[in-house]
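To keep things clear, I will list the structure first and then write my remarks on it.
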Amino acid sequence: MSRFNEHITQALAERHQQGLYRQRVCLERTAQHVNHQGKSLLNFSSNDYLGLAQDPQLLQAWQQGLQRFGAGSGASPLVTGFNQPHQQLEQQLAEWLGYDRALLFNSGFSANQAVLFTLLNKAHILLQDKLNHASLIEAGMLSPASMKRFKHNDAAHLQRLLCQQVDQTSLVVTEGVFSMDGDLAPLTDISNLTQAADAWLMVDDAHGCGVLGEKGRGSCDLAKIKADILVVTFGKAFGLQGAAVLCSEETAEYLVQFARHFIYSTAMPPAQAYALSQACELIQQGDWRREKLAHLSHEFEQALDSAIKFINTPSPIKPLLVGCSEKAMQLSHAINQRGCWVSAIRPPTVPANSARLRITLTASHSIEDVKYLATTINEVMYD
Ligand SMILES: *Cc1c(COP(=O)(O)O)cnc(C)c1O
């Protein structure tokens, strides 16, 4: 057996032993259901918070875009892949979110990596919330800057770290809404500290943009702050795919010159950018979707058995902490048997001993859907 085969076999065996082996499941999706093995289940595991992924207007925009601009963009943005729909979308995003510029990327993962790799050198300090997304933590570990992680949402800890580095150039990075906990970063405090230390603040608002703030502008708008760099992703509330970095004119130019994820990657299809412009419109006009989410959140909390330890969140992400991975898998399976799709999230996606059910609500759910889920959880929790 070759050495690589040995290495792979061993790693897989370890995963199995730890009870952490993961598998994809091939599903067919409709607005609020997934079809699995001929059974239709209510889907409480999607990040399509506003229900836009199946919105007829959005689908129509993508079809129109295909007719007008063709399929692929054919090149990277600095060659011939930057077209009128991309430009229009960038301008629309910049105006809506209050920045000089927006720059499109193919994914949130690459946008985060691009910013950290391009901005940081070995003289810099990078301070990240401990629970930041894998794309941020990984980029931080691989970047030449020295990275420190502050305790989750702990502004006092961040302050101590900033005080140790007074003469250094520091970048503070946090998510707006944390993807596995659904809680919000204390952005007002973090922004004040960052400014006082003459550092920069970058906010990854993958789960806040579209959902929180005036006209869905996101976590920063809600906290009344402006980050130096804002990353928004289109795979969640936008119902599509891709991401944008919002920043100053000069920072955007810097990224265009030096960000390798931007320069050496084929631009998103122009039809996708066209559809994203429509998504952006739908989000801004989508107060009713955000109001519905708030209503569903309240109903869910009310319908859960009071013996269940559940702390409600201001976002559509509702974690139900279980602790043990096997127990989380077992609950997810039992809920699935009763007609709802709820994923168990296990380490290493979340810290050790904090396996959980990650329930997400979307504007496509009905009150009955959410009450049914809560009743199901009440039934299976203490079986
Ligand atoms: C989903 C997510 C990303 C990655 O975005 P993709 O567009 O899916 O690559 C980045 N950051 C956070 C916080 C996320 O939740």
Side-chain angles (χ1 to χ4, degrees), residues 24 29 45-50 52-53 89 93 97 102-117 126 128-143 149-150 152-153 171-185 187 190 201-213 216 218-220 222-223 227 229-246 259-262 265-269 272-273 275-276 279-280 283 313-319 343 345 348-351 356 358-362:
R24 297 177 303 171
R29 280 184 309 118
S45 289
S46 110
N47 299 323
D48 177 26
Y49 304 123
L50 299 180
L52 294 185
L89 174 61
L93 289 166
L97 297 168
L103 217 53
L104 300 179
F105 285 80
N106 286 317
S107 73
F109 202 102
S110 66
N112 280 338
Q113 300 236 315
V115 172
L116 295 193
F117 284 135
L126 171 64
Q128 298 216 52
D129 187 289
K130 221 175 159 76
L131 296 189
N132 274 355
H133 191 261
S135 55
L136 292 165
I137 299 293
E138 192 210 50
M141 289 191 304
L142 297 176
S143 93
R149 298 202 262 172
F150 55 94
H152 177 54
N153 282 350
L171 176 70
V172 175
V173 185
T174 182
E175 291 184 27
V177 175
F178 284 84
S179 42
M180 295 300 145
D181 295 80
D183 54 348
L184 312 190
L187 285 177
I190 291 180
L201 172 61
M202 168 174 172
V203 174
D204 172 352
D205 209 19
H207 298 275
C209 190
V211 174
L212 299 174
S219 310
C220 296
L222 187 68
I229 297 177
L230 173 67
V231 173
V232 297
T233 71
F234 307 138
K236 282 127 190 174
F238 282 72
L240 272 149
Q241 183 86 36
V245 174
L246 289 115
R260 303 168 75 82
H261 297 73
F262 178 83
S265 191
T266 302
M268 69 170 68
Q272 184 184 331
L276 281 164
C280 206
I283 288 174
T313 58
S315 74
I317 303 167
K318 310 292 178 193
S343 303
I345 309 277
T349 305
V350 292
R356 66 199 62 189
R358 180 179 182 268
I359 297 155
T360 50
L361 306 178
T362 79

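Whatever order the structure lists them in is the order used to number ligands and atoms, beginning at 1.
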Can you find a heavy atom in the side chain of D48 that is under 4.5 Å from one in the side chain of F238? no

> Do G108 and ligand 1 have an N or O pair less than 3.5 Å apart?
Replying inline: yes

In ligand 1, the atoms that come under 4.0 Å of a heavy atom of E175 are 13 (C)

So for V231 against ligand 1, with non-hydrogen atoms under 4.0 Å, the contacting part is neither

Value for CD1 (I317) from CG (D181), rounded to nearest 0.5 Å, stands at 8.5 Å

Rounded to the nearest 0.5 Å, the CG atom of L201 sits from the OG1 atom of T174 at a distance of 7.5 Å

Counting from 1 in the order shown, the ligand 1 atoms closer than 4.0 Å to a non-hydrogen atom of F109 are 4 (C), 5 (O), 6 (P), 9 (O)

For N112, the ligand 1 atoms with a heavy-atom partner under 4.0 Å come out as 10 (C), 11 (N)

Which of L104, L230, I229 passes side-chain contact (heavy atoms from CB on, under 4.5 Å) with V245? Answer is I229

The atoms of ligand 1 lying under 4.0 Å from a heavy atom of D204, numbered in the order shown, are 10 (C), 11 (N), 12 (C), 13 (C)

Short version for S107: what comes under 4.0 Å of ligand 1, heavy atoms counted, is both

Sub-4.0 Å heavy-atom contact, K236 with ligand 1: yes

Per-atom filter on ligand 1: closer than 4.0 angstrom to a heavy atom of H207 are 14 (C), 15 (O)

Sorted by chain and number, sequence neighbours left out, side-chain hydrogen bond (donor to acceptor under 3.5 Å, both in side chains) with T360 holds for none

(request) Show your reasoning for whether side-chain contact (heavy atoms from CB on, under 4.5 Å) applies to L246 and V232. (result) CA-CA 8 Å; L246 289 115; V232 297; 3.9 Å; yes

For N47, the side-chain hydrogen bond (donor to acceptor under 3.5 Å, both in side chains) test, sequence neighbours excluded, returns Y49, R358

